[in-house]
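Predicted model only: the values in this text are computed from it and were never measured. Reckoned from all heavy atoms, side chains included, excluding hydrogens, waters and symmetry mates. For the single chain, residues carry numbers from 1 onward in sequence order.
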Amino acid sequence: QVQLVESGGGLAQAGGSLRLSCAASGRTFSSYAMGWFRQAPGKEREFVAAVSWSGGGTRYVDSVKGRFTISRDNAKNTVYLQMNSLKPEDTAVYYCAMSGSDYPSRQVEFYDYWGQGTQVTVSS
């Protein structure tokens, strides 16, 4: 049984930083791409960032490029999202997801497993 457990969310001021972590179990972590998505109230879930199985390939939504960094540690079965220069519009529930392949897709439907989500709130 695959489990993804996010941590690290919370409250930050605009311009501040947070680091999200997602610990995976139940599947060969190093074989699959991982992604972060977010969902704000009243909005659809949107892609934030993804990383290939090796960590060598990354993709970002334009609104976070230069501010967020996705990385992974295959020895620890963990993927991270370092969020800097946070803005109030980054406020959302952030979800970690495991892909069904080694390709870091932007599409929700390519991800087989999801975490429970962690709330990120950025105050102005």
Enquirer: Check whether any side-chain heavy atom of Arg38 lies under 4.5 Å from a side-chain heavy atom of Val93, and answer yes or no.
Expert: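 No, side chains not in contact.
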
Enquirer: Check for me whether Arg27 meets the cation-pi criterion with Tyr32, that is, NZ or CZ under 6.0 Å from the six-membered ring centre and within 45 degrees of the ring axis.
Expert: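 Flagged: Arg27 positioned over aromatic ring of Tyr32.
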
Enquirer: Answer yes or no: are there more than 12 heavy-atom neighbours, outside Glu109 itself, under 6.0 Å from its atom CD?
Expert: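 Counting other residues, nucleotides and ligands, CD of Glu109 exceeds 12 neighbours.
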
Enquirer: Does the side chain of Glu6 come within less than 4.5 Å of Trp114's, by heavy atoms?
Expert: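 Not in contact.
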
Enquirer: If I take atom CD from residue Glu46 and atom CH2 from residue Trp36, how far apart are they, to the nearest 0.5 angstrom?
Expert: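 One finds 14.5 Å between CD of Glu46 and CH2 of Trp36.
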
Enquirer: Do side-chain atoms of Ser52 reach the backbone of Gly57 as a donor and acceptor pair under 3.5 angstrom?
Expert: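 Flag set: sc Ser52 to bb Gly57 pair under 3.5 Å.
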
Enquirer: From Ser30 OG over to Asp73 CG, what is the distance, rounded to the nearest 0.5 angstrom?
Expert: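 If I round to the nearest 0.5 Å, the distance is 11.0 Å.
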
Enquirer: Could you tell me whether Arg72 sits above the aromatic face of Trp53, with NZ or CZ closer than 6.0 angstrom to the six-membered ring centre and within 45 degrees of the axis?
Expert: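 No.
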
Enquirer: Could you tell me whether the side chain of Ser105 and the main chain of Tyr103 form a donor-acceptor pair under 3.5 Å?
Expert: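 Such a contact is absent between Ser105 side chain and Tyr103 backbone.
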
Enquirer: Is Lys65 salt-bridged to Asp62, cutoff N-O under 4.0 Å?
Expert: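 Salt bridge present between Lys65 and Asp62.
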
Enquirer: Determine the minimum heavy-atom distance between Thr91 and Ala40, stating which atoms define it.
Expert: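 Thr91 and Ala40 have their closest heavy atoms at O-CB, 3.8 Å.
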
Enquirer: Less than 4.5 Å apart, any side-chain heavy atom of Pro104 and any of Val51?
Expert: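 No, their side chains stay 4.5 Å or more apart.
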
Enquirer: Can you name the nearest heavy-atom pair linking Phe110 to Ser99, along with the distance?
Expert: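 Minimum heavy-atom contact is O-OG, 3.4 Å.
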
Enquirer: Are Ile70 and Tyr80 close enough that some pair of their side-chain heavy atoms sits under 4.5 Å apart?
Expert: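 With C-beta onward as the side chain, the pair stays apart.
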
Enquirer: Partners of Gln13 by side chain to side chain donor-acceptor pair (under 3.5 Å), sequence neighbours excluded?
Expert: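 For Gln13, no residue satisfies side chain to side chain donor-acceptor pair (under 3.5 Å) once neighbours in sequence are set aside.
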
Enquirer: Quick one: do the Tyr60 and Arg106 side chains pair a donor with an acceptor below 3.5 Å?
Expert: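 There is no such pair (donor and acceptor under 3.5 Å, judged by atom type) between the side chains of Tyr60 and Arg106.
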
Enquirer: Between atom CG of Asp112 and atom CE of Met98, what is the distance when rounded to the nearest 0.5 Å?
Expert: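 Those atoms lie 9.0 Å apart.
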
Enquirer: Please tell me if the side chains of Phe47 and Val108 come closer than 4.5 Å, counting only heavy atoms from C-beta onward.
Expert: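 No; the side chains remain at least 4.5 Å from each other.
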
Enquirer: Shortest non-hydrogen contact from Tyr111 to Ala97?
Expert: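 Residues Tyr111 and Ala97, closest heavy atoms: CD2-CB, 3.6 Å.
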
Enquirer: Can you confirm whether Arg19 sits close enough to Thr69 that some side-chain heavy atom of one is under 4.5 Å from a side-chain heavy atom of the other?
Expert: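 Result no, sub-4.5 Å side-chain heavy-atom pair not found.
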
Enquirer: Assess Arg45 against Tyr95: is NZ or CZ under 6.0 Å from the centre of the six-membered ring, and within 45 degrees of the ring's axis?
Expert: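 Verdict for Tyr95: a cation-pi partner in Arg45.
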
Enquirer: Find the distance between CG (Leu81) and OG (Ser71) and round it off to the nearest 0.5 Å.
Expert: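 Between Leu81 CG and Ser71 OG, I get 8.5 Å after rounding to 0.5 Å.
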
Enquirer: Any chance the side chains of Ser17 and Asn84 put a donor and an acceptor closer than 3.5 Å?
Expert: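 There is such a pair between these side chains.
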
Enquirer: Work out which heavy atom in Val79 is nearest to a heavy atom in Phe29; give both atom names and the distance.
Expert: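 Looking at all heavy atoms of both residues, the closest pair is N-CZ, 4.0 Å.
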
Enquirer: What is the distance from atom OG1 of Thr78 to atom CE of Met34, rounded to the nearest 0.5 Å?
Expert: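 Answer for the OG1-CE pair, Thr78 versus Met34, is 9.0 Å.
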
Enquirer: What are the two closest non-hydrogen atoms of Leu18 and Gly10, and how far apart are they?
Expert: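 It is CD1-O, 3.9 Å.
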
Enquirer: What are the two closest non-hydrogen atoms of Ser85 and Arg67, and how far apart are they?
Expert: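 Closest approach of Ser85 to Arg67, heavy atoms only: O-NH1, 2.9 Å.
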
Enquirer: Side-chain contact test, heavy atoms from C-beta onward, threshold under 4.5 Å: evaluate it for Phe68 versus Leu86 and give yes or no.
Expert: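 Contact flag for Phe68/Leu86 side chains = yes.
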
Enquirer: Check whether any side-chain heavy atom of Leu20 lies under 4.5 Å from a side-chain heavy atom of Val120, and answer yes or no.
Expert: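 The answer is yes; the side chains approach within 4.5 Å.
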
